[in-house]
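Worksheet: the structure to be examined is printed underneath.
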There are 2 protein chains.
Amino acid sequence: MSAQRARIAEAMLGMPGAFTAEDLHRRVIEVTPGIGLATVYRALAAMQESGAIATVGDRHGSTLLARCERHDHHHHLVCTECGSVVGIDCPLGDAALISAERAGHLVTRHEITLYGLCAICRARADGDA
Amino acid sequence: MSAQRARIAEAMLGMPGAFTAEDLHRRVIEVTPGIGLATVYRALAAMQESGAIATVGDRHGSTLLARCERHDHHHHLVCTECGSVVGIDCPLGDAALISAERAGHLVTRHEITLYGLCAICRARADGDA
DNA sequence: CACTAAGTGAGAAAGATTCTCATATTGGGA
DNA sequence: TCCCAATATGAGAATCTTTCTCACTTAGTG
């Protein structure tokens, strides 16, 4: 692994939750100036391939990514307020499988993403109300 | 509703499944030349707002959309081969709700999308094998 | 140490989507 | 019917994200 990718991976550990390529690049160059945005995109593509990160939505046209502690199959719970992300298990419900079967569809992949407020932002929102 | 939007809505009825803004524009101008791509984007934005269409994925960076017969809450089953789309009911499984609850997360929105082969493409794939 | 494969930085390039602006159309009232 | 405000339109410019090019560097292997 190149020194640049190591710095990028390191910077990623410091990201609180969902982030864009540019968010991460901004953080990376604070510590290591000179690393190009293209390099960040290349590193992200490799990490996505390996399952280290996943797409969890988009923000104004930029792809939102999140680091996955787990590399096995799982889904995400995303806070729309602070961007924090939690990996969750949630197999497809029976209703989905029945619908697919009825349609004769062979399901090879599925995506489930939950959006809402995390415990912290929820408490803050209640406090404000 | 303007004449242009009527033509766009009409053309959309003829789209087989998932389509991009440009796919639809191409189809629209076959029948009614002169309608601009920006107008198609504007019409699509309005339809998405009203729930008449929904995002079902992306293809090489372009957003894939699909017409929804239903305007109530539902999800999609997308054929990765021919792009056909079927609306399905599939409430979140208990596992997902339990995970969210354990995290203290208030879920306000969720997306579930299933990808695979529709009955027709599946049969064709079997035939080829 | 040499060699090959992969990674890098900078900027160009590609693409999708949105915006601008001047013009046109719509629909509801007077 | 006519007027008016609000909204829609077309064309192309502009924006913005992401990928590609190219010349150069680095890493790892034998």
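In what follows, chains carry the letters A, B, and so on, assigned in the order in which the sequence lines appear, proteins first and then strands, with residues in each chain numbered from 1. None of the values given here were measured: they were computed from a predicted structure.
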- Is the gap between the ring centers of A:H75 and B:H110 under 6.0 Å? no
- Query: Toward the 5' end of DNA chain C, which comes first, B:A3 or B:R59, by nearest nucleotide?
  - Reply: B:R59
- Message: Please check if the number of heavy atoms outside B:H71 that lie under 6.0 Å from its NE2 is greater than 12.
- Response: yes
- Message: If you assign A:E22 and A:R42 each to the DNA chain D nucleotide with the nearest heavy atom, which residue ends up on the more 5' nucleotide?
- Response: A:E22
- Task: Mind calculating the distance between CZ (B:R26) and P (C:dG15) to the nearest angstrom?
- Result: 13 Å
- Message: Using whole Å, what does the distance between atom P of nucleotide D:dA8 and atom CD1 of B:I8 come to?
- Response: 12 Å
- Query: Where the side chain of A:I35 is defined as all heavy atoms beyond and including C-beta, which of C:dT17, D:dG10, C:dG9 is the nearest nucleotide?
  - Reply: C:dG9
- Answer yes or no: does a side-chain N or O of A:T63 lie under 4.0 Å from OP1 or OP2 of D:dT17? no
- Item | Gap separating the CZ atom of A:R124 from the CD1 atom of A:I120, nearest 0.5 angstrom | 7.5 Å
- Quick one: is D:dT7 close enough that its OP1 or OP2 comes under 4.0 Å of any side-chain N or O from B:S2? no
- Rounding to a whole Å, what distance do you find between B:H25:NE2 and C:dT17:P? 13 Å
- Note on the structure: Taken to the nearest whole Å, CZ/A:F19 to P/D:dT18 is 12 Å
- Item | Contact under 4.0 Å: A:S62 side-chain N or O vs D:dC16 OP1/OP2 | no
- Query: Rounding to a whole Å, what distance do you find between B:D58:CG and D:dT17:P?
  - Reply: 16 Å
- Given C:dA24, is OP1 or OP2 found less than 4.0 Å from the side-chain N or O atoms of B:Q4? no
- Query: Under 4.0 Å between a side-chain N/O of A:Y41 and OP1 or OP2 of D:dT19, yes or no?
  - Reply: no
- Closest contact, heavy atoms only, B:A54 versus B:H76: CB-CE1, 3.8 Å
- Taken to the nearest whole Å, CD1/A:I29 to P/C:dG9 is 11 Å
- Selection from C:dA10, D:dG10, C:dT8 that lies nearest to any side-chain heavy atom of A:T39: C:dT8
- Could you state the atom-to-atom distance from CZ of A:R7 to C1' of C:dT8 in whole Å? 14 Å
- Residue closer to the 5' end of DNA chain C, A:A38 versus B:A21 (nearest nucleotide): A:A38
- Query: Can A:E69 and A:R67 be said to form a salt bridge (charged side-chain N to carboxylate O under 4.0 Å, His left out), step by step?
  - Reply: CA-CA 7 Å; A:E69 326 76 42; A:R67 184 163 48 88; 5.8 Å; no
- Return the value, rounded to whole Å, for the distance between atom CG of B:L37 and atom C1' of C:dA16. 9 Å
